[in-house]
Amino acid sequence: MGKNVYSSETKWAVVKDKLTGQLTNKEIMEKYGIKNDSQIKT
């Protein structure tokens with residue numbers, strides 16, 4: 001199993017989506033293909 005590496009653009013987009021509060025963690029995970037919600041929380 002390899003690690004997923006996300007671009008800095010993707011990371012910032014996730015941070016912005018999270019801070020606006022308009023999307024849930026699950027919606028953000030689906031939108032960006034993130035497999036684990038702890039990656040959003042950190």
Side-chain angles (χ1 to χ4, degrees):
M1 252 198 250
K3 289 185 176 184
N4 287 338
V5 178
Y6 302 103
S7 69
S8 50
E9 291 85 10
T10 300
K11 291 176 185 179
W12 281 112
V14 169
V15 169
K16 289 177 185 177
D17 283 350
K18 183 65 180 171
L19 289 177
T20 62
Q22 294 178 344
L23 297 175
T24 65
N25 282 353
K26 184 176 180 180
E27 291 170 330
I28 292 171
M29 289 169 62
E30 290 172 0
K31 182 175 180 180
Y32 296 102
I34 298 171
K35 298 192 187 324
N36 193 327
D37 67 339
S38 66
Q39 293 173 312
I40 296 172
K41 294 176 182 176
T42 57

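The structure presented is a predicted model; accordingly, all values stated were derived computationally and were not measured.
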Under 4.5 Å between any side-chain heavy atoms of Lys41 and Asn25, yes or no?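 SC-SC contact between Lys41 and Asn25 confirmed.
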Minimum heavy-atom distance between Glu27 and Gln22, given as atom pair plus value: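 Answer, listing the atom of Glu27 first, then Gln22: OE1-O, 4.0 Å.
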For a side-chain contact (heavy atoms from CB on, under 4.5 Å) check, start with the C-alpha distance between Tyr6 and Ile34, then their side-chain angles and the critical distance, and finish with the verdict. CA-CA 9 Å; Tyr6 302 103; Ile34 298 171; 4.0 Å; yes
Do Leu19 and Val14 share a hydrophobic cluster, counting only Ile, Leu, Val, Met, Phe, Trp and Tyr and linking them when any side-chain heavy atoms are less than 4.5 Å apart?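 No, because Leu19 and Val14 fall into different hydrophobic clusters, even though each may have its own neighbours under 4.5 Å.
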In Å, rounded to the nearest 0.5 Å, how long is the span from CE of Met29 to CG of Leu23?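 Rounded to the nearest 0.5 Å, the CE-CG separation comes to 13.0 Å.
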Nearest 0.5 Å, what's the CD1-NZ distance between Ile40 and Lys11?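 Between Ile40 CD1 and Lys11 NZ, I get 13.5 Å after rounding to 0.5 Å.
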